[in-house]
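Structure first, commentary second.
One is the number of the first residue; the rest follow in order along the sequence. Reckoned from all heavy atoms, side chains included, excluding hydrogens, waters and symmetry mates.
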Amino acid sequence: MPTSHIAVIGSTNIDFVVHVARFARPGETLHVHSSTTGLGGKGANQAIAVAKLGQDVALAGWTGADMLADMARTTLEQAGVNTRWLMKDPAAGTGRAFITIDPAGENQILVDGGANMTHAAEACPLLCPVLDHATLVMMQMEMSPALVLAIARQAHARSIPVMLDPAPVPVDGLPEDLYALADILTPNERETRDLTGIEPIDEATALQAARILHARGTRTAIIKLGHRGVAYSAPDGQGFIPPFHVRAVDTVAAGDSFNAGLACALARGAVIGEAVRFAAACGALATTRPGAAQAAPDMEEVAALLDQQPPADLA
């Protein structure tokens with residue numbers, strides 16, 4: 001009998017990462033301290049992060065038919081991700097991201113979506129088989145918004161919860177129908193501002209933004225505030241999770257590890273507050289080492305951090 005899994009539908013990139021003393025000014029050339037090449041893309045990052053937490057996961061999407069595609073597929077499969085529905089587009093290259101990181105761990109990212117962005121709503125039937133036996137589907141906005149909307153409709157029709165990371169927010173915003181189809185929406189500060197017009201700087205402003213998202217149809221809004229913590233608002237409760245104290249060196253893909261942790265915790269039956277706290281620990285740990293997919297923590301590391309920094313009411 002087929003086993004259940006978390007389905008991730010999204011982007012697969014190869015990341016080219018450089019570390020610098022500071023970000024370059026327009027027209028300026030800087031030498032870098034170091035550079036690396038590795039797997040990236042929000043879909044691939046989230047899929048590997050789920051796999052590292054011990055959950056069965058399948059990734060659907062596209063790469064090109066090039067050497068970067070082979071590198072991506074090998075990395076995913078070695079991590080335990082089912083790549084049966086990761087297809088090759090012979091006419092488009094594998095997506096690439098060019099990432100600059102400063103000493104504080106802040107980043108600037110340029111993305112060439114490549115094969116990730118070449119398919120619209122008509123490609124939905126090619127990806128929907130990954131929904132079979134899925135307990136939850138994770139999506140992001142590094143694919144055509146029309147395709148994301150079409151898949152969300154299919155998942156909704158099958159009563160499969162949809163977790164949407166609205167990054168990057170499209171220039172025209174999210175399709176209006178997508179708010180009601182997204183059972184869980186997980187924007188960070190910038191994305192929350194782009195979606196609602198509210199700059200979330202604390203629990204109160206984050207929950208104010210969440211009310212706007214609820215009014216548009218989203219059931220659960222989780223506002224990631226980076227080093228300030230996480231606010232959440234759901235049908236069964238709302239609250240705030242303080243930040244975990246870690247030494248951050250690289251914030252790339254911390255949000256992807258957060259979403260993976262949230263998905264895994266919910267799949268295992270955690271209530272929303274517990275799930276968000278678990279997710280916050282995953283995101284915090286991802287900032288403590290360089291890289292995207294490779295920075296995701298495993299279950300043992302997350303359990304250790306949760307034990308080291310218990311909730312305030314249990315301390």
Can you tell me how far apart [atom1] ([X]) and [atom2] ([Y]) are? Round to the nearest 0.5 Å.
X      : Y      : atom1 : atom2 : result
Asp202 : Glu199 : CG    : CD    : 11.0 Å
Asp132 : Ser4   : CG    : OG    : 12.5 Å
Arg216 : Asp177 : CZ    : CG    : 13.0 Å
Leu207 : Ile212 : CG    : CD1   : 12.0 Å
Ile160 : Leu136 : CD1   : CG    : 9.0 Å
Glu203 : Gln208 : CD    : CD    : 13.0 Å

For the pair [X] and [Y], find out whether any cationic side-chain nitrogen is under 4.0 Å from an anionic carboxylate oxygen.
X      : Y      : result
Lys88  : Asp70  : yes
Lys42  : Glu142 : no
Asp102 : Arg22  : no

Enumerate the residue pairs fulfilling ring pair (Phe, Tyr, Trp, His ring centres under 6.0 Å) with a member in residues 69-101, sequence neighbours excluded, ordered by first and then second residue. Phe16-Phe98
Are any non-hydrogen side-chain atoms of [X] and [Y] less than 4.5 angstrom apart?
X      : Y      : answer
Pro243 : His227 : no
Arg277 : Phe244 : yes
Asp56  : Asn82  : no
Leu164 : Met141 : yes
Ile222 : Val276 : yes
Ile9   : Val130 : yes
Phe240 : Leu225 : yes
Asp165 : Met139 : no

[X] side-chain N/O to [Y] backbone N/O, donor-acceptor pair under 3.5 Å:
X      : Y      : answer
Thr287 : Ala284 : yes
Gln154 : Ile151 : no
Ser35  : Val18  : no
Arg158 : His133 : no
Arg219 : Asp183 : no
Thr218 : Thr220 : no
Thr205 : Ile201 : yes

Does [X] belong to the same Ile/Leu/Val/Met/Phe/Trp/Tyr cluster as [Y], with side-chain heavy atoms less than 4.5 Å apart forming each link?
X      : Y      : value
Ile6   : Leu127 : no
Leu195 : Val162 : yes
Met138 : Leu213 : no
Ile272 : Ile223 : no
Met143 : Leu86  : no

Name the atoms and distances for all side-chain donor-acceptor pairs under 3.5 Å in residues 250-268, with sequence neighbours left out.
unit_1	atom_1	unit_2	atom_2	d
Asp250	OD1	Val252	N	2.8
Asp250	OD2	Gly291	N	2.9
Thr251	OG1	Gly105	O	2.9
Thr251	OG1	Asn107	ND2	2.9
Asp256	OD1	Gln46	NE2	3.1
Asp256	OD2	Asn45	ND2	2.9
Asn259	OD1	Thr186	OG1	3.3
Asn259	OD1	Lys224	NZ	3.3
Asn259	ND2	Thr186	OG1	2.9
Arg268	NE	Gln55	OE1	3.0
Arg268	NH2	Leu53	O	2.6
Arg268	NH2	Gln55	OE1	3.1

To check you understand the geometry: which heavy-atom pair defines the closest contact between [X] and [Y], and what is its length?
X      : Y      : result
Gly114 : Ala92  : C-CB, 4.3 Å
Ser233 : His214 : OG-NE2, 2.7 Å
Ala280 : Ile241 : CB-CG2, 4.2 Å
Glu191 : Pro166 : CG-O, 4.1 Å
Asn13  : Gly41  : ND2-CA, 3.5 Å
Ala47  : Val57  : O-CG1, 3.4 Å

Give the C-alpha distance, both sets of side-chain angles, the deciding distance and a yes or no for side-chain contact (heavy atoms from CB on, under 4.5 Å) between Phe278 and Leu306. CA-CA 8 Å; Phe278 182 87; Leu306 291 170; 3.8 Å; yes
Polar side chain donor-acceptor pair, [X] to [Y], under 3.5 angstrom:
X      : Y     : answer
Glu77  : Thr83 : yes
Asp15  : Thr37 : no
Thr135 : His5  : no

Does the side-chain contact (heavy atoms from CB on, under 4.5 Å) test come out yes or no for Gln309 and His245, once each step is laid out? CA-CA 8 Å; Gln309 300 185 38; His245 303 295; 3.5 Å; yes
Among Leu59, Val50, Val8, Thr75, the one residue meeting side-chain contact (heavy atoms from CB on, under 4.5 Å) with Val81: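 Of the listed residues Leu59, Val50, Val8, Thr75, the side-chain contact (heavy atoms from CB on, under 4.5 Å) partner of Val81 is Leu59.
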Heavy atoms of other groups near Glu300 CD, more than 12 under 6.0 Å: no
Test side-chain contact (heavy atoms from CB on, under 4.5 Å) on Val249 and Ile101 and set out the steps. CA-CA 9 Å; Val249 299; Ile101 302 171; over 6 Å; no
Given Thr74 and Gln78, is the side-chain contact (heavy atoms from CB on, under 4.5 Å) satisfied, shown in steps? CA-CA 6 Å; Thr74 296; Gln78 288 177 344; 3.6 Å; yes
Full working for salt bridge (charged side-chain N to carboxylate O under 4.0 Å, His left out) between Lys52 and Asp298: CA-CA 5 Å; Lys52 290 184 72 171; Asp298 60 29; over 6 Å; no
What residues form a ring-ring contact (aromatic ring centres under 6.0 Å, His included) with His119, not counting sequence neighbours?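 So His119 forms a ring-ring contact (aromatic ring centres under 6.0 Å, His included) with Trp62.
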